[in-house]
Amino acid sequence: MPRQSGALGGVPLVGWGLSNGSRRRPPMTTTIRTRFAPSPTGYLHIGGARTALYSWLHARRHGGRFVLRIEDTDRERSTPEAINAILEGMGWLGLDYDEGPFYQTDRFERYREHLQRLLDTGQAYYCYCTKERLERLREEQQARKEKPRYDGRCRDLDGPPSEEAADEPVVRFRSPLEGHVVIDDAIRGKVQFANAELDDLVIARADGTPTYNFTVVVDDLEMGITDVIRGDDHLNNTPRQVHLYKALGAELPRFAHVPMILGEDGKRLSKRHGSVSVLQYRDEGYLPEALLNYLARLGWSHGDQEVFTLEELIQLFDINAVNHSASTFNPSKLLWLNQQHIMAAEPNHIARHLAPFLTERGVDPGQGGPQLEAVVRAQQERAKTLVEMADNSLFFYRRPAGYEEKAARKNLKPDAEEVLEHCRHCFAGLPEWEQGRIHQVVTEAAEAFEVKMGKVAQPLRVAVSGGAVSPPIDVTLALLGREETLARIEAAVAWIRAQAAQGSA
RNA sequence: GCUCCCAUCGUCUAGCGGUUAGGACGCCGCCCUCUCAAGGCGGAAACAGGGGUUCAAAUCCCCUUGGGAGCGCCA
């Protein structure tokens, strides 16, 4: 719950006349504002997506605002492709932002202003140390097994030092030498750092551009971010940022540092671990809500519940209840969850997501064949991914190019010919092409030939689908339609005969 | 090396001083069954180690060990 009082302004933004459709709102005086601030040096990965999700959920849960900010001050490594990949990833996941995307490169003026203020008030100073000297310093410190940090040579200088002075100075923040800073983290609790461990960090490069720790603070401040939710890897930066907030005369936001996601080898998640890009999961046939569910549940829980709708997540997610420890990404559980979501979803929803996969495979459900929604209904509980569903549904729209070797060998044997012929005949005479009738034909055929259902259903299945797997045979044939069914049975019968002829020849 | 964080089945987790340590994924059986699934039932599987505190510790404290992160004119 917000610890923040209404001290700043005290303007109650939440009034009874004001309604933006959110159901329940805890009492507060300031609207919660969260942000996701990726640096566009690569695609949106699983770890980033989770912090984005947590920020988004926290904002949605409290009727707040979610801001997207692109941290692109590193012009060397930021690319437009990466920006697009991130935006596309966010879009696919459905993590909509209320404000932004803001680009830090558009905001250099703002940083310059604050920088000047720190300089003017003596809270920052010019540092003329060369990279070479700094490098030497670091090496010496490391040789002495000390923590490398700036020694403060230029801290109290008025101008460039007489020796070893760089042409263009950087700007360093005058960090307090003594005392300590305590961060009250929503996830970790109180974390204490000794100021003596910190050094005077560079806040502006020699070319005048601001650095990360400075820009985040300025941006979070100006964008009114109340809750900074980000990766664990930033916890160590937080004390420096706290000092910057104070130097700029600003209120501190709440911090929440979410633990890292590790690969199966226990190392931080990276390309080596397979599909780490969010969009790759889309391409592999995952539903965005399944990924979101998985990500939410990785590091957070609500009793024994495993499957959550997005609405439930918004209602139940609590940033304070997030786990402390890093967690390992588990693809098989994600796969299971995806299936759960596929089974639970509305057929038309699945159909929408499935269509592109069919198109990709050269099939257009709009051009004849059974209604896609009906196919989805038949396949829903037998597909872990949309890719799998697409592959297994192709035969509804396209005659099998051939028969799977093993399936044919087992089911399209000479003795199946008679059964198939019989069924074809009965099917042709059915007054109505309907599941119940079809089922009756199959059971009666089994009785007539004194065989088990499998001896009838499997040859039919292979005949119409080309393989040994499909939804229940009556459902399958009903969907396929009489005409197609009869034609495919005929083809199978012809194939069996051809095989027999070849065998005896 | 220094600083910070973390530690329950293989994995995700419940547990917040007294439990036969619960659930889920995965795995293994069995049932259902026209295939594949789904579903049902059952099983194997964990408190990293050592000290305290306490009548009582998975739960609180300390140490050790192990893992992670940070220590840039990257973000």
Side-chain angles (χ1 to χ4, degrees), chain A residues 37-41 71-74 76-78 104 127 129 131 134-135 138 141-149 166 168-172 183 185 187-188 191-194 196-199 201-207 209-213 215-216 231-239 257 259-260 262 264 266-268 294 297-307 323-337 339 343 379-384 392 407 411 439 442-443 446 452-462 465 467-474 476:
Chain A
S39 71
T41 52
E71 311 222 318
D72 56 350
T73 53
D74 184 356
E76 302 282 293
R77 295 196 296 160
S78 300
Q104 292 193 317
C127 170
C129 293
K131 287 185 175 176
L134 262 17
E135 183 52 36
R138 240 191 304 275
Q141 287 164 331
Q142 265 159 2
R144 268 180 271 133
K145 297 197 184 297
E146 282 171 18
K147 182 177 187 167
R149 70 247 266 200
E168 291 298 330
V170 299
V171 178
R172 283 187 190 270
I183 291 143
D185 192 274
I187 295 172
R188 312 276 153 178
V191 183
Q192 194 179 93
F193 294 86
E197 289 295 330
L198 277 25
D199 65 354
L201 68 151
V202 172
I203 56 177
R205 305 180 178 96
D207 66 3
T209 59
T211 60
Y212 170 73
N213 281 107
T215 57
V216 245
D232 214 353
D233 46 342
H234 289 286
L235 186 57
N236 285 290
N237 286 327
T238 310
H257 288 95
M260 304 270 87
L262 274 23
E264 280 171 304
K267 294 276 184 280
R268 193 175 165 166
Y294 178 75
R297 192 59 191 59
L298 191 65
W300 171 83
S301 63
H302 182 258
D304 285 341
Q305 190 170 349
E306 296 288 349
V307 183
N323 257 254
H324 297 180
S325 49
S327 37
T328 307
F329 189 77
N330 182 194
S332 67
K333 185 155 183 182
L334 170 60
L335 195 59
W336 173 79
L337 256 179
Q339 183 172 29
M343 286 193 291
Q379 300 279 219
Q380 256 176 316
E381 64 185 24
R382 61 199 89 241
K384 287 183 176 2
N392 292 339
N411 300 295
H439 187 255
V442 176
T443 35
K452 290 184 179 176
M453 276 282 277
K455 283 288 181 191
V456 181
Q458 277 309 86
L460 282 171
R461 178 167 279 119
V462 179
S465 76
V469 175
S470 90
I473 196 66
D474 49 350
T476 301

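Lettering follows sequence order; numbering is per chain, from 1.
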**Asked** How would you list, by chain and number, every residue that makes a side-chain contact (heavy atoms from CB on, under 4.5 Å) with A:K452, sequence neighbours excluded?
**Response**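 Result, side-chain contact (heavy atoms from CB on, under 4.5 Å) vs A:K452: none returned.
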
What integer distance in Å separates [X]:[atom1] from [N]:[atom2]?
X	N	atom1	atom2	result
A:I473	B:A37	CD1	C1'	15 Å
A:E146	B:U3	CD	P	12 Å
A:L334	B:C25	CG	P	14 Å
A:L198	B:C71	CG	P	12 Å
A:N237	B:U3	CG	P	18 Å
A:H439	B:U33	NE2	C1'	11 Å
A:Y212	B:G70	OH	P	12 Å
A:D233	B:G72	CG	P	15 Å

**Asked** Among B:G39, B:A37, B:C2, which nucleotide sits nearest the side chain of A:E197?
**Response**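 Nearest to the side-chain atoms of A:E197, counting from C-beta on, is B:C2.
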
**Request:** Tell me whether the OP1 or OP2 atom of B:A75 has a side-chain N or O from A:T73 closer than 4.0 Å.
**Result:** yes

**Request:** Verify the contact: side-chain N or O of A:R144 to OP1 or OP2 of B:G1, cut-off strictly under 4.0 Å; return yes or no.
**Result:**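 Answer is no, no contact under 4.0 Å.
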
Expressed as a whole number of Å, how far does the [atom1] atom of [N] sit from that of [M]?
N	M	atom1	value
B:C36	B:A24	P	25 Å
B:U35	B:G42	P	25 Å
B:G26	B:G68	C1'	25 Å
B:A21	B:A38	P	32 Å
B:C60	B:G67	P	24 Å
B:C41	B:C4	C1'	48 Å
B:G18	B:A56	P	14 Å
B:C73	B:C12	C1'	41 Å

Reckon [X] touches a base, only the sugar-phosphate, or nothing at all at heavy-atom distances under 4.0 Å?
X	value
A:Q339	sugar-phosphate
A:D72	nothing
A:P239	nothing
A:V170	base
A:H234	base
A:K384	sugar-phosphate
A:R77	base
A:T41	nothing

Out of curiosity, [X] [atom1] to [Y] [atom2], how far, rounded to the nearest 0.5 Å?
X	Y	atom1	atom2	value
A:E135	A:R138	CD	CZ	5.0 Å
A:K333	A:L298	NZ	CG	9.0 Å
A:T41	A:R77	OG1	CZ	5.5 Å

**Request:** Nearest-nucleotide wise, let me know which of A:W336 and A:E168 is further upstream toward the 5' end of RNA chain B.
**Result:** A:W336

**Request:** Using heavy atoms to find the nearest nucleotide of RNA chain B for A:T215 and A:R149 separately, return the residue whose nucleotide is more 5′.
**Result:**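 Its nearest nucleotide lies further toward 5', so the answer is A:R149.
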
**Prompt:** Is there a side-chain contact between A:H257 and A:I187 (heavy atoms, below 4.5 Å)?
**Reply:**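 The answer is no, as the side chains (C-beta and beyond) never meet within the 4.5 Å cut-off.
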
**Prompt:** Side chains of A:N330 and A:S332: is there a donor and an acceptor less than 3.5 Å apart?
**Reply:** yes

**Message:** Can you confirm whether the side chains of A:S465 and A:S470 place a donor and an acceptor under 3.5 Å from each other?
**Reply:**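 Note: A:S465 and A:S470 side chains miss the donor-acceptor criterion.
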
**Message:** Using side-chain contact (heavy atoms from CB on, under 4.5 Å), reason through A:V469 and A:R382 one step at a time and then give a plain yes or no.
**Reply:** CA-CA 10 Å; A:V469 175; A:R382 61 199 89 241; 5.8 Å; no

Any strand is fair game: report the nucleotide pairing with [N] by Watson-Crick or G-U wobble, both distances under 3.5 Å, or none.
N	value
B:G70	B:C2
B:U35	none
B:C30	B:G40
B:U20	none

**Item:** B/S/- contact track for nucleotides 4-14 of chain B, protein heavy atom under 4.0 Å
**Value:** SSSS---BBSS

**Request:** Determine the minimum heavy-atom distance between A:Y212 and A:N237, stating which atoms define it.
**Result:**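 Shortest heavy-atom separation between A:Y212 and A:N237 comes out as CE2-ND2, 4.1 Å.
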
**Asked** For the side chain of A:E71 and the backbone of A:V216, is there at least one donor-acceptor N/O pair under 3.5 Å apart?
**Response** no

